[in-house]
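Lettering follows sequence order; numbering is per chain, from 1.
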Protein chains: 4
Amino acid sequence: MTTTARQQATTERTQSRRSQVLAAAKTCFLRSGFHAASMAEISKAAGMSPGHIYNCFGSKDAIIAAFVEQHVERVAALMRDFASKDDILQAIVDNVADGVRDHLNPANWPLQLEIAAEASRNPAIAAVVRDADLRARVQFRTLLVAGRERHQLAVDSDTMEGLVEALICLFQGVRLRAVQHPGLNQDSFIACCREMVRHLLFK
Amino acid sequence: MTTTARQQATTERTQSRRSQVLAAAKTCFLRSGFHAASMAEISKAAGMSPGHIYNCFGSKDAIIAAFVEQHVERVAALMRDFASKDDILQAIVDNVADGVRDHLNPANWPLQLEIAAEASRNPAIAAVVRDADLRARVQFRTLLVAGRERHQLAVDSDTMEGLVEALICLFQGVRLRAVQHPGLNQDSFIACCREMVRHLLFK
Amino acid sequence: MTTTARQQATTERTQSRRSQVLAAAKTCFLRSGFHAASMAEISKAAGMSPGHIYNCFGSKDAIIAAFVEQHVERVAALMRDFASKDDILQAIVDNVADGVRDHLNPANWPLQLEIAAEASRNPAIAAVVRDADLRARVQFRTLLVAGRERHQLAVDSDTMEGLVEALICLFQGVRLRAVQHPGLNQDSFIACCREMVRHLLFK
Amino acid sequence: MTTTARQQATTERTQSRRSQVLAAAKTCFLRSGFHAASMAEISKAAGMSPGHIYNCFGSKDAIIAAFVEQHVERVAALMRDFASKDDILQAIVDNVADGVRDHLNPANWPLQLEIAAEASRNPAIAAVVRDADLRARVQFRTLLVAGRERHQLAVDSDTMEGLVEALICLFQGVRLRAVQHPGLNQDSFIACCREMVRHLLFK
DNA sequence: CATGAATGAGGATTCATTCAT
DNA sequence: GATGAATGAATCCTCATTCAT
């Protein structure tokens, strides 16, 4: 094995170890939150010694940051899905139901609240979150511009920024609803969300 | 001093002590979050010994719960303000700008995220939050029904639930925008929110 | 009211307060032990403010000491009961059954163990306990000498000391049996104790 | 080093750490009692950080329990010593002097009082103590039955239970004498104890 | 690379005691 | 005398992190 090949292998191994840790961290963070989840808990879930985690990540904060980075990437992926559609605006409207239902699913989104709360006092996390948000906004805006041009609607800068913010805002609010009113009537809620989105997109 | 008068004084004193603690807690929670804020930190901010805090509150969790209770009460107060208006629907639309700007103000709302995150794991906090949400929904619904009847719009149960949820959702989403995109263009954002609210209310 | 009369009243009042505290302390010590019983617990049981207890006793240790003093006095009282009997030795033998049963009663004797344990490390308590033990030994020895002279048995110094120690030892051991084997067969146990005492007294 | 070998080493190490803690705890418990001995004090005496003690024992109570378990085991060991003798009853009588002297030695027995006092309030400790007492009684009874059959004495159930209890009672009482009258005349005390034991065993 | 024993600072909480009223 | 609010040192315990193996 050449030195390069070994380094390659080493790097791959390290990467796989990092993934292991992040997957374990997700379980623990979901169960206990960022601060109540202990390194011991995470190391046990990862099937790895606590000491070794420090070969993959410099600190618990680094795990949180990496975890957040990985997690916020989901939003960007969602954006890309729309890009391939023919009538993008209509595709977005048609996707409201699934999107809302997904945001209401308690399997993932409590973590998003944890992330937002952490970002509101941890500058490193805030930077990661804001950067991801920026990228998502850019992608979303590009989609919307394409969609609206097809329907000959205004795409000036102010209009677009408001549109992007308002739509993201509506979707992100769903996570808070999931916490504060878990038993809400999904169908009538979705109908209204869809109507708001439709109106805004085609206005 | 009679026994009754002393009890009165005692009760008042205790209440004032509790308020002192809650005010100090707000500062600390804002700075560090619920869990990173230590009792020592809170007691110092309250100008009171750590031991004495336990004469006012049975535990740190009790402080968090009382703090949350106090905080969520604000939302209910907001609801009551609308009740006195003549054309309620229009009043709500006209209030969107102020409401959004208030939600974007970083002085208060990071705490709401902290509360939501805590509620997603701590059942006691979840109960407080959900109860407050329930009360707010009932008040809001009553307002909307009155407002819509004036305009001869449908007020059937399903419609109303969706309306209430969707509007609250939009407003609560603003808190997440405040964290994730603090520099957003408020004017165009507000214009879109206002348009969404207007459309939904009068639809 | 003359000054003297008032002082008299004051002293009586103080004494009654002290008794109140000691009675309350007994309840608490029995429930929780000397160290786990808090001053707050005792003051509540005594129907008196925690601060006021310090007008009656200088410290918690002083309460323990006074309590111990009061408690060890019981043994001396037991001794005095025998002095009036005609045939003292026989009276002692006849009392074994009641004495053992009393020592097995969990209502009082856990406190004796608490006292002994405290004495083994708190010099002030040790002094109280040892002084009481000395007084009881002297009384007991006087009784035994009178009883044995009646039966023309040896009463030399060495014999008497051994007798006194061995008999007290047997009775005090009962308290430990009560803790370590609460369900023991009382009748056969008592028969053996009685036989040991009878043999030793009349030997 | 194979996994098995390492586990072996790990287990041994852990065991040795536990012993270290128990030895340190003995010093501290002797000096201060179970409750006044702080974990900091114990950890310092054990030459180990306070945090690490919790890798060996789950709580302070667990240390107390393990300590008690280790201590009460001594009694059972004492029992086994007699089993090898030819004339067991005589061996017991001949051992009274050494046994009493051992029980009077202040190096060990204050702890037994501490244990008894703790057992009278702490159910977990009570269970340990009572279980050990049961085992000791069974062993002692077996010894006595064998010894008495050799001398053709009664071994019926009631007689044996009384004998076992009374003899243990006498020995355990010595611990209380050690606390309450540390300067007692050992020789005459022992002579009487011996006479009581002899009478009872051969009666 | 991998372990897990070891650290020690820091957490929430308790409680004997004091003192202004 | 009598109160009970207030103190703050001390308690048990947790946990991120390190390091010898």
Exercise. Is any side-chain N or O of C:Ser49 closer than 4.0 Å to OP1 or OP2 of F:dG4?
Worked result: no
For this session: Apply salt bridge (charged side-chain N to carboxylate O under 4.0 Å, His left out) to C:Asp131 and list each qualifying residue two or more places apart in sequence or on a separate chain.
Result: C:Arg135
Exercise. For D:Arg17, which residues count as a salt bridge (charged side-chain N to carboxylate O under 4.0 Å, His left out) partner, sequence neighbours excluded?
Worked result: none
Exercise. In B/S/- notation, 5' to 3', how is nucleotides 10-16 of chain F contacted by protein heavy atoms closer than 4.0 Å?
Worked result: -SSBBBS
Tell me every residue that passes side chain to side chain donor-acceptor pair (under 3.5 Å) with [X], counting only those two or more places apart in sequence or in another chain.
X       : result
B:Lys60 : none
B:Ser32 : B:Glu41
B:Ser16 : none

Could you state the atom-to-atom distance from [atom1] of [X] to [atom2] of [N] in whole Å?
X       : N     : atom1 : atom2 : result
B:Ile53 : F:dG8 : CD1   : P     : 13 Å
A:Lys44 : E:dA2 : NZ    : P     : 20 Å
A:Phe57 : E:dA2 : CZ    : P     : 14 Å

Exercise. With nearest nucleotides of DNA chain F determined for B:Gly47 and C:Gly47 from heavy-atom distances, which residue corresponds to the more 5′ nucleotide?
Worked result: C:Gly47
Exercise. For DNA chain F, what are the stems built from at least three Watson-Crick or G-U pairs in a row, each pair having both distances below 3.5 Å?
Worked result: E:2-21 with F:2-21
Problem set entry | Sequence-distant partners of C:Pro50, side chain to side chain contact (heavy atoms under 4.5 Å, CB included), two or more places apart |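 With sequence neighbours excluded, C:Pro50 shows a side chain to side chain contact (heavy atoms under 4.5 Å, CB included) to C:Ser43, given in chain and number order.
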For this session: Return the set of residues passing side chain to side chain contact (heavy atoms under 4.5 Å, CB included) with A:Ser59 (not counting sequence neighbours), or none when no residue passes.
Result: A:Asp61, A:Ala62
For this session: Just grab all the ring-ring contact (aromatic ring centres under 6.0 Å, His included) pairs involving residues 37-63 of chain C, residues at least two apart or on different chains.
Result: none
Problem set entry | Qualifying ring-ring contact (aromatic ring centres under 6.0 Å, His included) pairs with a residue from residues 16-41 of chain B, counting only residues at least two apart or across chains |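 For residues 16-41 of chain B, and leaving out neighbouring residues, the ring-ring contact (aromatic ring centres under 6.0 Å, His included) pairs sorted by first residue read B:Phe29-B:Phe34, B:Phe29-B:Phe67.
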Problem set entry | Interface with DNA chain F, restricted to residues 17-25 of chain A and to heavy atoms under 4.0 Å |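 Of all residues in residues 17-25 of chain A, none places a heavy atom under 4.0 Å from DNA chain F.
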Problem set entry | Rounded distance [0.5 Å steps], CG in D:Asn122 versus CD1 in D:Ile115 |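 Here the rounded value is 12.0 Å.
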Exercise. Between atom SG of D:Cys56 and atom CE of D:Met48, what is the distance when rounded to the nearest 0.5 Å?
Worked result: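 If I round to the nearest 0.5 Å, the distance is 5.0 Å.
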